[in-house]
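Right, one structure below, let's go through it.
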Amino acid sequence: MKAENFILINEAIKVNACLRIKDIVADGKIMVTIHNAGDRSVKQNSLLWLWHTFVASSGKGSYDTKEAVHRSVKLRWVTPILIRDDPLFADLYSIWKQLYGSDIDRMNWFADNQVSTSTLSTHQMAEVLTDYQRFYLEHEMPLPDPDDLKLLYYERDHVKD
């Protein structure tokens, strides 16, 4: 079973976590652990996946899974940030795009295997989240606001810390 995380940022998520636990068969094969959510980057990641789930389940657009939304976010917003801030990544992406830019399967493979949100600094992730939120707002699909607006704070000219 794949690990599931619920960052309890509001009552709705807490209820969803409780309902998920309620649905698990008590056969001794599943362990439930409750611990501190950690720093801002963990909370940013939780918000990112909350938004992916929201977009995927909205019925709007062409994405029907949160994984497909995640891939799109990596291609649309994470990749340009990595190109801007990491010269080696920029070279790798440039060569890959030159060779396989018209092959959707290879571009998807690149996004799935070479682009990672976990390598982003909190400033870079805030930039991704802000651009993600702005895009969907402009397309008349406002995403749920985070309880902690500092998750979206970054300096536009800031380079990876």
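Ile83 and Leu99 fall within a single hydrophobic cluster, where Ile, Leu, Val, Met, Phe, Trp and Tyr side chains are chained together by heavy-atom contacts under 4.5 Å. Under the 4.5 Å side-chain heavy-atom criterion for ILVMFWY residues, a single connected hydrophobic cluster contains both Ile95 and Leu92. Residue Ile81 is grouped with residue Phe135 when hydrophobic side chains (ILVMFWY) are merged at heavy-atom distances under 4.5 angstrom, including chains of intermediate members. Using a 4.5 Å cut-off between side-chain heavy atoms of Ile, Leu, Val, Met, Phe, Trp and Tyr, with links allowed through other members, Leu88 and Val115 fall into different hydrophobic clusters.
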Exercise for review: Determine, stepwise, if the pair Leu143 / Leu50 fulfils side chain to side chain contact (heavy atoms under 4.5 Å, CB included).
Suggested key: CA-CA 9 Å; Leu143 301 173; Leu50 173 71; over 6 Å; no

Check your understanding: How far apart are the C-alpha atoms of Asp131 and Arg134, what are their side-chain angles, what is the distance that settles it, and do they pass the salt bridge (charged side-chain N to carboxylate O under 4.0 Å, His left out) test?
Key -> CA-CA 5 Å; Asp131 290 343; Arg134 184 179 299 116; 2.9 Å; yes

Exercise for review: Walk me through it: do Val69 and Phe54 pass the test side chain to side chain contact (heavy atoms under 4.5 Å, CB included)?
Suggested key: CA-CA 10 Å; Val69 176; Phe54 181 84; over 6 Å; no

Practice item. Determine, step by step, whether Tyr93 and Gln114 satisfy the side chain to side chain contact (heavy atoms under 4.5 Å, CB included) criterion, reporting the C-alpha distance in whole Å, the side-chain angles of both residues, the deciding distance to 0.1 Å, and the verdict. Key: CA-CA 9 Å; Tyr93 182 78; Gln114 301 301 316; over 6 Å; no

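Not counting sequence neighbours, Asp91 has no partner by the salt bridge (Lys or Arg N to Asp or Glu O under 4.0 Å) test. Checked against ring-ring contact (aromatic ring centres under 6.0 Å, His included), Tyr100 has the following partners two or more places apart in sequence or in another chain: Trp96.
Between the OG atom in Ser118 and the CG atom in Asn45 there is a gap of 8.0 Å [rounded to 0.5 Å]. Atoms OG and CG, from Ser116 and Leu82 in turn, are 8.5 Å apart once rounded to the nearest 0.5 Å.
Closest approach of Lys74 to Ala111, counting heavy atoms only: NZ-O, 2.8 Å. Nearest heavy atom pair, residue Trp49 against residue Glu67, reads CZ3-N, 4.4 Å. Between Thr119 and Gln124 the shortest heavy-atom distance is O-OE1, 4.3 Å. Taking every heavy atom of both residues into account, Met141 and Val55 meet most closely at CE-CG2, 3.5 Å. Taking every heavy atom of both residues into account, Ala56 and Thr65 meet most closely at CB-C, 3.4 Å. Residue Glu140 comes nearest to Lys60 through the heavy atom pair O-NZ, 3.8 Å, listed as atom of the first residue, atom of the second, then distance.
Without hydrogens or angle criteria, Ser94 side chain to Ala90 main chain gives no donor-acceptor distance under 3.5 Å. In terms of modelled atom types and a separation under 3.5 Å, the side chain of His70 and the main chain of Lys66 share no donor-acceptor contact. A donor-acceptor pair is defined here as one N or O able to donate and one able to accept, closer than 3.5 Å; such a pair exists between the side chain of Asn113 and the backbone of Trp109.
Proximity of Val128 to Gln44: side-chain heavy atoms (C-beta onward) are nowhere separated by under 4.5 Å. With a 4.5 Å cut-off on side-chain heavy atoms, Asn108 and Leu75 count as touching.
Applying the salt bridge (Lys or Arg N to Asp or Glu O under 4.0 Å) test to residues at least two apart or on different chains, the pairs with a partner in residues 96-107 are Asp103-Arg106.
Put simply, the residue from Glu127, Gln133, Met125 that forms a side chain to side chain contact (heavy atoms under 4.5 Å, CB included) with Leu129 is Met125.
The aromatic ring centroids of Trp51 and Tyr136 lie 6.0 Å or more from each other.
Between Tyr132 and His52, the side chains place a donor N or O and an acceptor N or O closer than 3.5 Å (distance only, hydrogens not considered).
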